[in-house]
Visitor: 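Got a structure here, written out as structure tokens. Questions coming.
Letters A, B, ... mirror the listed sequences (proteins, then strands); counts begin at 1.
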Amino acid sequence: MSVAILTPEGFKELRVLKEKGRRLVGYFCVYVPVEIIYASGALPVRLARADEDSARCGEGWLRADACPFCKASVGRFTSDPLYQMLDGLVMVNTCDMMRRLAEVLAERIAIPLFQLYLPRTAEQRANRIVEWTEQLRCLYRWAQGLTGVKVDDGGATEQLPLLNAIADYNRVRGLLQQLDRLRAMVPARLKASEIFDLVAQCTRYPPEMVGAWLKQEYARRTGGLRSAEGAEATAPEPAGLVSDSRPRLMLAGSILVEEDRLLLELIEEQADVVADAVCTGMRWFTEMVADGEPLTEIARFYFNRTPCAFRRPNTVLYDYLRRLIQERQVKGVVYKTLFYCDPWRFEIKRMRQELGLPVLEIDGDYCQENRAQLRTRVEAFLEMLR
Amino acid sequence: MVIDYQDPPARRVTFDEWDDLFARIPDELIEQFHYFPPNQEPWSKYLFPPQTFAIYGARHLRRLKFDNSLAALRLWGFVQNEGERLFRARQIRRKVVAVMGDLGPLAVIVNSFPGCVAFYPDCWWWTPFAMESKVLLNKAEELGMGEASCFSRAALGAFAKHSYFPDPDLVIAATGASCDDYSAVESLVAGRYSDVLWVETPRRPVNEDEADRFEQLLVAEYQQVLKALADLTGTEMTEALLSDGIRRANRIRQATEQLKTLAYQDGVLPALEMMVVEFGCLHYYSDLTEWTGVVEHLLQTAQKRKERGERVVPEDALRLGWITPPADPLLLTYVEDRGARLVSTEYVINQALVLIEETLPPLRAIARSLLAASLIGSSRSRLAGFLREAVEREAEGVVVSGLLGGSHCAMESRLIADYIKSRLSIPVLEFDVAPPNKAIDRQTRTRIDAFLELLRSRR
Ligand code: SF4
Ligand code: SF4
């Protein structure tokens with residue numbers, strides 16, 4: 001199993017798929033319904049890569065006070081072979097920066113771009129879900145146009161690829177959930193950085209491919225005799241009876257990219273990150289698409305999934321965090337935000353108040369210079385928790 | 001109302017001169033102006049000597065220049081009195097409804113309910129400028145919204161202080177394809193100060209199909225608003241009441257549009273008053289009826305000036321377009337003092353000037369008016385109307401003023417500047433407006449001066 005950072009081998013695998021005729025469709029945000037892209041015959045590839053250089057490069061087009069992830073994403077299109085390999089891009093207007101990033105990219109890149117409109121208001125009203133479903137239908141048509149695989153009889157033949165895609169991605173999510181329970185154990189038996197790695201793989205490669213990896217990984221972690229899917233009964237529960245001296249933390253905040261792995265590793269030297277509310281972590285796999293008419297269920301799933309802070313109201317996010325804190329016996333929160341990421345940054349004071357736990361705020365960009373300072377802050381925080 | 005008063009020849013005056021002018025207005029005339037008409041109670045007078053506003057905190061006024069007409073004095077008196085007006089509204093048992101982040105349409109709906117007063121906490125973002133005080137911004141910072149956010153965070157501070165407006169009977173917060181800073185303000189208000197009725201704001205439709213669907217989406221959202229307001233007031237909304245509300249909104253929109261032409265084409269009103277008027281189309285400074293009187297009074301004044309060939313800005317002034325947010329009042333005064341005038345503006349509120357179609361079912365018409373909003377569309381579509389006017393009125397340069405941390409500024413300022421340069425081939429000046437201060441910072445002043453110099457050299 002390769003780690004999350006896209007290795008030359010991993011990259012080669014994508015190139016092979018592309019050479020075999022698979023269309024690669026990039027996306028940034030966890031609200032882009034991968035099932036629909038996948039059902040159309042394309043491969044959804046999450047673009048969660050950012051570093052100092054690409055962010056600086058993005059400043060050629062965006063102001064310095066744009067979100068560093070958006071800046072880096074623009075920059076990547078000029079330098080990253082993965083981004084240059086894409087056949088299409090799907091974006092969704094989550095936060096304002098993301099919405100406008102689509103416009104900036106549309107001016108700069110030559111590949112087809114589809115921008116989904118997701119209601120920002122999260123209460124389940126029929127009119128909102130109807131529109132969101134319609135958006136997904138349009139996306140399906142667009143993606144089919146991209147791949148040339150067009151089935152639009154509105155009946156069973158059209159539904160089948162969607163049903164298969166749901167099953168495939170649900171299986172992957174299920175496997176991730178099982179693996180994630182290992183990190184919830186006391187003491188944790190899997191690291192958060194590993195979970196983030198696995199999620200990165202699952203959002204980049206075809207589900208049938210990652211499914212096999214995940215099963216092996218689970219077997220390796222649990223003694224190897226049973227497959228992950230068969231192992232539910234034996235999967236250890238996150239019972240709180242065993243004590244452990246390592247502080248148990250939760251991570252929340254803005255998107256964490258592959259290059260942020262260093263932060264996780266730094267924390268993991270002395271603590272366990274047993275839960276998270278990050279869209280490149282647990283929030284990707286924490287729920288499943290339900291059975292039923294596929295497009296409707298996909299729409300419901302994405303509309304209702306554990307929300308990012310940008311949704312209104314975002315009380316469900318707070319409920320989710322409180323539940324995780326309780327279930328996983330979390331003692332402190334690392335709240336990692338990106339400069340100018342309004343949805344997450346401006347919730348910080350409220351978060352402190354509502355969670356009632358010590359919170360370490362880390363606000364930054366992809367600049368590497370303050371590593372030493374970061375280490376000191378993390379250490380001081382952990383010291384305080386002990 | 002018959003207003004028997006002869007304005008002095010049109011010009012911009014200093015604060016002190018303005019105060020002297022007030023002294024010349026007969027008492028009987030002052031008595032005529034009351035908010036919440038037809039009420040005529042003594043407490044509802046709003047024409048006071050300008051010094052009064054400064055004494056009560058609006059210190060910034062001392063540094064500005066004003067139009068010397070009675071209509072402009074009335075405008076400022078009315079605007080400055082908004083906070084008091086809202087507390088009075090509560091006292092006389094009107095329902096005070098906060099409408100947040102909605103870009104125009106919700107105020108039309110709320111004001112259609114008899115006995116309801118809609119106000120925009122959003123617009124309290126001018127308060128730190130007017131007061132030259134960071135109290136509200138600091139309060140917002142305490143609550144989590146610090147310097148990396150737009151000045152609209154003052155609205156959060158105002159909620160927290162409980163003294164700028166009464167605690168609303170209902171808060172309606174629109175959010176969606178709008179800005180993140182204000183959505184964060186709304187989120188924190190909802191988390192701490194009030195229950196909130198959330199209203200979805202879709203993006204600008206990308207095709208006809210989507211336009212139809214978004215209209216339906218919005219109609220359903222607005223029906224929820226009607227229901228909440230009916231519960232609050234005990235009044236069921238009727239089509240007739242709503243249509244009447246639309247007509248009243250259109251009356252203001254029409255007058256404002258005419259004023260814009262007179263001001264930006266014929267130079268008969270200054271930029272500062274016009275900005276105040278343009279913003280008024282969003283929310284009528286919490287009193288639609290009296291605001292109509294204020295705007296129509298200004299319109300008569302402007303028309304008379306045009307007939308008489310009077311101007312407040314010289315004809316040969318440099319012709320500028322201005323795109324915001326925000327335009328600090330001090331900046332508008334400054335560019336006029338330096339020999340420029342505005343000919344085209346885009347303050348992110350132009351949708352509030354679009355006439356609401358009176359032949360459609362009312363909620364659909366209101367929905368359609370929202371879908372014209374510049375903030376929810378692409379930067380290009382935002383610029384369409386602006387560019388048309390800039391071309392017609394031969395703008396010689398464009399100012400794009402942004403603010404550090406404004407979510408859309410960060411993403412679109414460059415796009416806007418590039419697009420204007422490519423379409424109009426005229427110089428564009430881009431800068432960020434500094435936090436509230438007593439004076440324009442030296443760097444900004446130098447940049448404006450150099451820019452105006454450049455435009456002059458191109459003549
Ligand atoms: S942080 Fe929120 S808006 Fe940004 S990519 Fe993640 S889910 Fe999407
Ligand atoms: S200036 Fe921009 S960021 Fe600020 S409230 Fe207005 S629209 Fe939002």
Visitor: Highest number of heavy-atom pairs under 4.5 Å with chain A: which of B:G191, B:A174, B:S413, B:S378?
Guide: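 Top option by heavy-atom pairs under 4.5 Å: B:S378.
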Visitor: Under the side-chain contact (heavy atoms from CB on, under 4.5 Å) criterion, do A:C138 and B:E210 qualify, and how do the steps go?
Guide: CA-CA 10 Å; A:C138 295; B:E210 204 170 77; over 6 Å; no
Visitor: For A:E59, is it the side chain, the backbone, both, or neither that has a heavy atom closer than 4.5 Å to a heavy atom of chain B?
Guide: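 Looking at A:E59, just its backbone touches chain B.
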Visitor: Is A:Y117 in contact with chain B via its backbone, its side chain, both, or neither, using a 4.5 Å heavy-atom distance?
Guide: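 Both parts, backbone and side chain.
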Visitor: Can you tell which part of B:V185 gets under 4.5 Å to a heavy atom of chain A, answering side chain, backbone, both or neither?
Guide: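 Nothing of B:V185, per the 4.5 Å heavy-atom cut-off to chain A.
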Visitor: Between A:E103 and B:S379 (side chain of the first, backbone of the second, donor and acceptor by atom type, cut-off under 3.5 Å), is there such a pair?
Guide: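 Confirmed, A:E103 side chain pairs with B:S379 backbone.
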Visitor: Which atom names give the shortest non-hydrogen contact between B:L375 and A:R100, and what distance separates them?
Guide: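 It is O-NH2, 3.0 Å.
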Visitor: Which one of B:S187, B:S149, B:A190 has the most heavy-atom pairs closer than 4.5 Å to chain A?
Guide: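 Top option by heavy-atom pairs under 4.5 Å: B:S187.
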Visitor: For each of B:R153, B:E186, B:E412, tally heavy-atom pairs with chain A at distances under 4.5 Å, and name the one with the top tally.
Guide: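 Most heavy-atom pairs within the cutoff with chain A belong to B:E412.
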Visitor: Quick check for you: among B:R414, B:E430, B:Q216, which has the greatest number of heavy-atom pairs under 4.5 Å with chain A?
Guide: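 Counting heavy-atom pairs under 4.5 Å, the top option is B:R414.
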Visitor: Heavy-atom distance under 4.5 Å to chain A: side chain of B:R380, backbone, both or neither?
Guide: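 Both the backbone and the side chain of B:R380 come within 4.5 Å of chain A.
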Visitor: Counting only non-hydrogen atoms closer than 4.5 Å, does B:A184 touch chain A with its backbone (N, CA, C, O), its side chain (CB onward), both, or neither?
Guide: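 For B:A184, heavy atoms of backbone and side chain both lie under 4.5 Å from chain A.
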Visitor: So which heavy atom on B:L403 is nearest to which on A:D65, and how close?
Guide: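 Heavy atoms only, the tightest pair is O-OD2, 3.8 Å.
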Visitor: Kindly give the heavy-atom pair with the smallest separation between A:F346 and B:G146, and that separation in Å.
Guide: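 Answer, listing the atom of A:F346 first, then B:G146: CE2-N, 4.3 Å.
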Visitor: Please determine whether side-chain contact (heavy atoms from CB on, under 4.5 Å) holds for the pair A:Q115 and B:R203, giving the CA-CA distance in whole Å, both sets of side-chain angles, and the decisive distance to 0.1 Å.
Guide: CA-CA 11 Å; A:Q115 193 178 16; B:R203 65 165 180 220; 3.9 Å; yes
Visitor: Could you tell me which non-hydrogen atom of B:G405 sits nearest to which non-hydrogen atom of A:D342, and how far apart they are?
Guide: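 So the two residues come closest at O-OD2, 4.2 Å.
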Visitor: Counting distance only, does the side-chain N/O of B:D180 pair as donor-acceptor with the main-chain N or O of A:C95 below 3.5 Å?
Guide: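 Side chain of B:D180 to backbone of A:C95: no pair is present.
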Visitor: On a heavy-atom basis, which atom in B:T175 and which in A:R120 lie closest, and how many Å separate them?
Guide: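 The pair with the smallest heavy-atom distance is OG1-CD, 3.3 Å.
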Visitor: Give a yes or no on whether A:R108 atom CZ has more than 12 heavy-atom contacts from other residues, nucleotides or ligands under 6.0 Å away.
Guide: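 Yes, enclosed.
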Visitor: Please flag which part of A:C70 lies under 4.5 Å from any non-hydrogen atom of chain B: side chain, backbone, both or neither.
Guide: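 Contact with chain B involves the side chain of A:C70 alone.
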Visitor: Using non-hydrogen atoms and a 4.5 Å limit, figure out which bit of A:P313 sits close to chain B: side chain, backbone, both or neither.
Guide: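 Backbone plus side chain of A:P313, per the 4.5 Å heavy-atom cut-off to chain B.
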Visitor: Does B:D231, at its CG atom, have more than 12 non-hydrogen atoms belonging to other residues, nucleotides or ligands within less than 6.0 Å?
Guide: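 Correct, the count exceeds 12.
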Visitor: Against chain A, label B:D209 side chain, backbone, both or neither, depending on which of its atoms sit under 4.5 Å from a heavy atom there.
Guide: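 For B:D209, neither part sits under 4.5 Å from chain A.
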Visitor: Quick check for you: among A:Q135, A:M351, A:R345, which has the greatest number of heavy-atom pairs under 4.5 Å with chain B?
Guide: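 Highest number of heavy-atom pairs under 4.5 Å: A:Q135.
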Visitor: So what's closer than 4.5 Å to chain B heavy atoms on A:R99: side chain, backbone, both or neither?
Guide: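 The side chain, not the backbone.
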Visitor: Anything in residues 134-144 of chain B with a heavy-atom distance to chain A below 4.5 Å? Please list those residues in order.
Guide: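 B:E141, B:E142, B:L143, B:G144, listed by number.
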Visitor: Can you tell me if B:K227 has over 12 outside heavy atoms packed within less than 6.0 Å of its NZ?
Guide: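 Not buried by this count: 12 neighbours or fewer within 6.0 Å.
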Visitor: Distance from B:Q224 atom CD to A:T121 atom OG1, nearest 0.5 Å?
Guide: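 Reported value, rounded in 0.5 Å steps: 10.5 Å.
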Visitor: Looking only at non-hydrogen atoms, find the nearest pair between B:E200 and A:P119 and report the distance.
Guide: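 Here B:E200 and A:P119 meet closest at OE2-CA, 3.2 Å.
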Visitor: Using the side-chain hydrogen bond (donor to acceptor under 3.5 Å, both in side chains) criterion, which residues pair with B:E147? Sequence neighbours excluded.
Guide: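 None.
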Visitor: So do A:Y340 and B:L404 actually touch side chain to side chain, heavy atoms under 4.5 Å?
Guide: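 Heavy-atom side-chain distance check passes, below 4.5 Å.
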Visitor: For the candidates A:K71, A:E347, A:K349, A:E123, which exhibits the highest count of non-hydrogen atom pairs separated by less than 4.5 Å from chain B?
Guide: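 Option with the top pair count is A:K349.
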Visitor: Might you work through the side-chain contact (heavy atoms from CB on, under 4.5 Å) test for A:D96 and B:M411, ending with a clear yes or no?
Guide: CA-CA 9 Å; A:D96 197 21; B:M411 300 301 283; over 6 Å; no
Visitor: Based on non-hydrogen pairs under 4.5 Å, which of A:N93, A:L118, A:N314, A:L62 is most in contact with chain B?
Guide: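 Max contact count across the listed options: A:L62.
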Visitor: Keeping the roles fixed (side chain from A:R312, backbone from B:S183), state whether a donor-acceptor pair exists under 3.5 Å.
Guide: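 Yes; judged by distance alone, with no hydrogens or angles, the pair exists.
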Visitor: So, the side chain of A:R125 versus the backbone of B:E221: is there a donor-acceptor pair under 3.5 Å, distance only?
Guide: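 Side chain of A:R125 to backbone of B:E221, a donor-acceptor pair under 3.5 Å: no, none is there.
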